[in-house]
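Since the structure comes first, as structure tokens, the remarks are kept for the end.
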Amino acid sequence: GDYAEGYQVGKIATAIIERLKAQDLLARTNSLLYSGINTWIEPLQSALQPMIVARNAAIASGDTEYARMSLQIYAMTSFQCGQPLDGIIRDLSDLSQECKQYKMEMVNTLVLPHWQCAEILANDSDASGPEDPTTLDGHIIQGDAFLRKQIERKMKISICQYYLLRLLLAY
């Protein structure tokens with residue numbers, strides 16, 4: 001619970017990484033700092049640029065796991081900050097393809113509902129969208145089938161995010 005101290009430790013860690021030019025640690029440190037701790041101290045938007053830096057550092061150092069995690073944090077934070085949907089859709093599509101390529105099903109399970117939600121919001125006036133957009137039905141996932149699978153697998157985070165996105169769409 002001491003977010004202020006955690007924030008200070010995170011900032012010290014990033015300063016040490018920068019000073020030592022230990023770019024291989026930047027993605028892992030930024031992912032932790034800007035996805036969990038930073039949000040209690042600074043506006044959510046302040047995490048966007050550091051996550052781009054983290055992704056680039058992860059790619060440069062060959063850390064494919066944190067390259068995807070950094071993009072996931074960036075895309076979902078962009079979504080929560082109200083950034084333009086076309087960029088979010090592109091990022092989530094790219095991330096989903098990377099997850100399939102590297103067989104990261106858990107990460108993809110968290111990405112797919114956000115991607116579907118962004119698609120529904122982007123096509124709000126499009127008559128080809130789902131009759132009831134709060135179902136999260138579309139070409140990316142079929143909402144009810146997706147939810148049943150997550151319940152069977154006891155994927156609590158995914159279930160929570162699913163209902164949160166449906167609530168957002170209902171609003």
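Computation of the quantities below employed the complete heavy-atom set of this structure, encompassing side-chain atoms and omitting hydrogens, waters and symmetry-equivalent molecules. This chain uses plain numbering: 1 for the first residue, then up along the sequence.
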**OP:** With sequence neighbours excluded, tell me which residues meet ring pair (Phe, Tyr, Trp, His ring centres under 6.0 Å) with Phe146.
**Re:**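 If we apply the ring pair (Phe, Tyr, Trp, His ring centres under 6.0 Å) test to Phe146, skipping adjacent residues, there are no hits.
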
Original post:
With Tyr3, which residues qualify under ring pair (Phe, Tyr, Trp, His ring centres under 6.0 Å), at least two apart?
Top reply: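 Ring pair (Phe, Tyr, Trp, His ring centres under 6.0 Å) check on Tyr3 returns Trp40.
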
From [X] [atom1] over to [Y] [atom2], what is the distance, rounded to the nearest 0.5 angstrom?
X: Arg90; Y: Leu85; atom1: CZ; atom2: CG; answer: 12.0 Å
X: Asp63; Y: Gln23; atom1: CG; atom2: CD; answer: 12.5 Å
X: Ile120; Y: Thr135; atom1: CD1; atom2: OG1; answer: 6.0 Å
X: Ile73; Y: Leu32; atom1: CD1; atom2: CG; answer: 8.5 Å

Pairs where [range] contributes a residue and the test ring pair (Phe, Tyr, Trp, His ring centres under 6.0 Å) is met, not counting sequence neighbours:
range: residues 147-171; result: none
range: residues 41-64; result: none
range: residues 45-94; result: Phe79-His114

Any donor and acceptor pair, going by atom type alone, linking the side chain of [X] with main-chain N or O of [Y] inside 3.5 Å?
X: Ser93; Y: Ile89; value: no
X: Thr39; Y: Gly36; value: yes
X: Asn30; Y: Pro50; value: yes
X: Asn123; Y: Glu119; value: yes
X: Ser61; Y: Ala57; value: yes
X: Gln8; Y: Ala4; value: no
X: Gln116; Y: Ile141; value: yes
X: Ser31; Y: Arg28; value: no
X: Asp137; Y: Gly143; value: yes

**OP:** State which residues pass salt bridge (charged side-chain N to carboxylate O under 4.0 Å, His left out) with Arg148; sequence neighbours excluded, sorted by chain then number.
**Re:**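 For Arg148, no residue satisfies salt bridge (charged side-chain N to carboxylate O under 4.0 Å, His left out) once neighbours in sequence are set aside.
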
Original post:
Which is it for Asn38 and Ser46 under the side-chain hydrogen bond (donor to acceptor under 3.5 Å, both in side chains) test, yes or no, and what are the steps along the way?
Top reply: CA-CA 8 Å; Asn38 192 68; Ser46 68; 2.9 Å; yes

**OP:** Using a strict cut-off of less than 4.0 Å between a Lys/Arg side-chain nitrogen and an Asp/Glu carboxylate oxygen, indicate whether Arg55 and Glu98 qualify as a salt bridge.
**Re:**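 A salt bridge is present here (some side-chain N lies under 4.0 Å from a carboxylate O).
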
Original post:
Would you call Gln72 and Leu92 a side-chain contact if the rule is heavy atoms closer than 4.5 Å?
Top reply: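 No, too far: nothing below the 4.5 Å cut-off.
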
